[in-house]
Every structure is written in C-alpha cells, then in structure tokens.
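Take a look at the structure set out below.
All chains are named by letter (A, B, ...) in the order of the sequence lines, taking the proteins before the strands, and each is independently numbered beginning at 1. All values reported here derive from a predicted model rather than from experimental measurement.
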Protein chains: 2
Amino acid sequence: MRQAIEDRIGTSHGTSTMRGSIHAGGPAEHPVPGTRVPAHTTLLHEGDPARRIMEVAEGAVMLTKLLPDGRRQVVELLGPGDMFGLACGDAYACSAETLTASLVVPHERGALERDAALAARLLRRFESQLCTMHAHALALGRMSALERVAFFLLRLMPEPAPGAPRDGSVHIAMTRQEIADFLGLTLETVSRAFSELKRRGLVALLRADEVRIRDRGSMQRLAGAA
Amino acid sequence: MRQAIEDRIGTSHGTSTMRGSIHAGGPAEHPVPGTRVPAHTTLLHEGDPARRIMEVAEGAVMLTKLLPDGRRQVVELLGPGDMFGLACGDAYACSAETLTASLVVPHERGALERDAALAARLLRRFESQLCTMHAHALALGRMSALERVAFFLLRLMPEPAPGAPRDGSVHIAMTRQEIADFLGLTLETVSRAFSELKRRGLVALLRADEVRIRDRGSMQRLAGAA
DNA sequence: CGACTGTTTGACTTGGTTCAATGTACGTGG
DNA sequence: CCACGTACATTGAACCAAGTCAAACAGTCG
C-alpha cells in the first residue's frame, strides 16, 4: 500500500509519495504553522489509527473511500479552513489526498479541550461541511449526470462577487476520473456531460481543465437551486 | 405548504401536522427538557430561518432535501443524541420529520458560547454524523441497489452486542418510498432488493416492516465492510 | 519527433426506472 | 364477525440513462 505522509506532517520536513510528475518545490519550509505538501500527495489512509485532526490552510484536498473491490468515492472536496482526519471509532474514516500544492496544519485531538477558540472554529466548520455533504447526497441520490456536472462546476465557482470582475475561467485540478468518483459516474459520462453543456452554450471549455461558465442561470436551474 | 411545528417546540404544548392516522398520545408533557412529538410530524422546513439547533433525545428523525421538481433525498437518519437544524447561511439546509414518536430538545445557538460541555458534545456528534455521511456518499455514489439495501439494513441493526441476545428482528419505521429516497433508488427497486435478499437467505421478512438478518457475514460483504 | 497520459466520441449492453397490475395487511362500519 | 376501503408492497414487462468496451484524438515532456 502507498505510504501516507501523516507522520512527517508538522514535525520536520516532508517528503512525499506522488502521482505522475513532481509539481511543487522541495520539502516543508515552515516547521510550526503547518506543512507544505505538493499536489497528488496522500496525506492519510482510511483505516489508519486516527491521531490528529488536520486543517487545510491553503490548497485543495480530496477525501476518498474505497470499497474492497476497488470502487472509489470522493466523499468531500476541501479548501482553506476545512478540516479532515475524522474518525469513526479510532481509525480514519477516509483517505486524504492533495489536489494542488497545499499547506496543512495538524491539531492534536487533546488540544480541543484546552483551546476553546479552536473548538468553536471546528464546530462552525463541521456544520458547514455537514451542510455540504447534505447537498452532495442530494446530487448523488437524485440528480442526472448532466445535473451533477452542473452542480460540480457551480461548486467550484461559487458566486461572482457582487459587482466584481466578470466570471473568469476556473482551473479544475481534477481529472475526469476524479470528478467521476466525486459525482458517482464514470469518466466517459462526465466527459459527455461537459460536451453537452458546451454544446448547449452553458459553458466554455478552454482546455480540458479550464472551464468558464457562460450561463449561470441555466446552470443553477440544472443544479436545482431550490 | 405544510406547517412545521418548530415554533411550538420547547415552549408550551405541541400540536402537530401528521400523515395518515394519529399515532401517539396527546400534546407535550414535559415543558423544559424537550418536546414529545408524534410520528410523521414535520419539525422544520428546508429554507426556513435557522434559529435553533435541535437534538433528538428519543425516537427517530429523518432529514430530507427537495429538488424544485419534487425529487426528494433523505440525507440523514437520526437517532438519540444526533443533532439537526443546521444552517448554510441563515436558513435550514434540510427539512426534518419524525419517523417514530420522539423527544426533541432545542438548543439556542447562543448557548454554545456559554455552555462548553454542550459545545463539546455537539462537536463529537457532528464528527460522527460527518463520518456517517461519508459512508452514505459511498453507498449513493458507488453501490448497486442490492448493496445499498444491505448497507441500509446493517445500519439499522448495527451489531449484536458481544455474546448478547441473538439477532432479533428490527422494526423498520420507514415505507419503501422513504427507504428509496434514502438510498437514491425507486420504491420498486427497494422492494425487489428485499425480495432478492430473502431469496438468497440473507434476510427473513416477517412483515414488510419487520426484518431479521440471517447471514450477517454475507450482508457485510455485500455492504462492503472494508 | 515519438511516447505517455488523459480526453473525447462511438457502438453496444445493462441495471434500474417506469408503467401497470396484482397482492396483502389493517382499520372501519354495517 | 365479515365486507369493504385504503395504503402500502410486490411482481412483471418495456424502456432508457448511464455503464462498458473500444478506438481515435490532444496536449506535454523528454
């Protein structure tokens, strides 16, 4: 099994196992506030003993679960402020992998009793992550492939700040396979949905991983903005 | 739209809107520790302004989300100790409905700052609910119909206490439609899955809402006990 | 320029949905 | 006590959205 780098986070320097080519610079520079981790690095493994709760300070992390036969579900996409490393019992419930170069801050579980501010922050964040999971469950359980992909793209590009710069394009730091595992589809179906959204003029595909939303209203209608 | 009884919870007596026939006794007896609510009562509505966090003290509650066209997803099943009434922004993210007669305790959001013990309890519970949602996402995104139903049944009947009384039967306080909305299927598919599990001898159906697990190992294998 | 990795598209198959009866438990009132 | 009505569950047959298998295409790197 691939080695997670959990043990090296927050201690000294962090080397890492990576997928494909090496993206980011060298090992961690900041010993205390957190650890810099390159893209495509496994941070922890489902089933390993749960010791610490981790915070994404910068970057993007995905949480995944596996079925014994290898089917994979990306259960959550995390950004700055989000927490991971949750345990059911004493083992991690999910594996965690960076999507982009990230800064990760570990929190000892024992610190929660002592640090009320951290506990309050964690509470707010858990509430928000729980709401996001509810929306994700609705998408997985009841939306069509096209609707799920619209939902996904809106999630990546939340709102154009009021009166702010017009919709730029988003860089999608995930492969079609990863998006499919997030949405409960196959990569082919995701690809077809992208093409269909493009054909309908709701979206422009600059590159495979560079998307621009052209018709936000229609996208929201597709994604079931209640 | 149906009226939620939120406003009457924790105040005086609680009448309620109900589905089908009236099940439970009269209005609430205990004014302070919580409110007794009969089965099939809507406790709060998705989209309503979020004021309080609620705790299930006794009974069973389901959280649901709707798509504009009426498709429904049961996003969470709650039992004693679980919390609901979460907000994305300032509105409830889900509707909540009792499955059985229940005792519900409201907590003012402001109380979290003052009551550290409550905050700690809430934190632990949110962590556990988040883990459950992760497992649910795996089921919704990657499991077949049969696997999802096995997963659901195991969830209702967690573990036979070590050395404790042999597997009794569980009463399922949900219709096939509600189970389907929980598992992202149709009621017909859920029904066929029950029949198939019975045909394979993994399960015995005493009545439509009374199930006994006959072969826990096979059920766990189906549900992907990792 | 290849070689590689990931994406798109096409043709075919299939698990689950849809539509349509039929079956079954339960409560009510004659 | 039994006939009837209602609500829910089961089963069957036809259909379709998404999956599977397979091939061609497009960037990127050495």
May I have the distance from [X] (atom [atom1]) to [N] (atom [atom2]), rounded to whole angstrom?
X: B:Leu197; N: D:dT10; atom1: CG; atom2: C1'; result: 15 Å
X: B:Leu205; N: C:dA25; atom1: CG; atom2: P; result: 12 Å
X: B:Ile179; N: D:dA9; atom1: CD1; atom2: C1'; result: 11 Å
X: B:Glu210; N: C:dC26; atom1: CD; atom2: C1'; result: 15 Å
X: B:Met174; N: D:dA7; atom1: CE; atom2: C1'; result: 17 Å
X: A:Leu206; N: C:dT7; atom1: CG; atom2: P; result: 15 Å
X: B:His171; N: D:dC8; atom1: NE2; atom2: P; result: 13 Å
X: A:Arg176; N: C:dT9; atom1: CZ; atom2: C1'; result: 13 Å

Problem - Bend angle of the helix from C:dC1-D:dG30 to C:dG30-D:dC1, from helix axes over five pairs at each end, nearest 10° - result: 30°

Of all residues at least two apart in sequence or in a different chain, which pass the side-chain contact (heavy atoms from CB on, under 4.5 Å) check with [X]?
X: A:Arg200; result: A:Leu146, A:Glu196, A:Leu202
X: A:Val211; result: A:Leu153, A:Ile172, A:Phe194, A:Val203, A:Leu205
X: A:Glu127; result: B:Leu86, B:Ala87, B:Arg109, B:Phe126

Exercise for the section: Return yes if some donor-acceptor pair links the side-chain N/O of A:Thr41 with the main-chain N/O of A:Thr98 below 3.5 Å, else return no. Expected result: no

Practice task
Sequence neighbours left out, what pairs pass ring-ring contact (aromatic ring centres under 6.0 Å, His included) with at least one residue falling in residues 198-226 of chain A?
Solution key: none

Completion exercise
Of A:Arg207, A:Glu210, A:Arg212, the one forming a side-chain hydrogen bond (donor to acceptor under 3.5 Å, both in side chains) with A:Ser169 is A:Glu210

Practice task
Kindly write out the residues that satisfy side chain to side chain donor-acceptor pair (under 3.5 Å) with A:Thr132, not counting sequence neighbours, or none if the list is empty.
Solution key: none

Problem - ring-ring contact (aromatic ring centres under 6.0 Å, His included) partners of A:His134, counting only residues at least two apart - result: none

Practice task
Sort and list the pairs that fulfil salt bridge (Lys or Arg N to Asp or Glu O under 4.0 Å) and have at least one residue in residues 61-70 of chain A, not counting sequence neighbours.
Solution key: A:Glu46-A:Lys65, A:Asp69-A:Arg71

Completion exercise
Quick tally for nucleotides 11-30 of chain D: nucleotides whose base has a protein heavy atom under 4.0 Å get B, sugar-phosphate-only ones S, the rest -, giving BBB----SSBB------S--

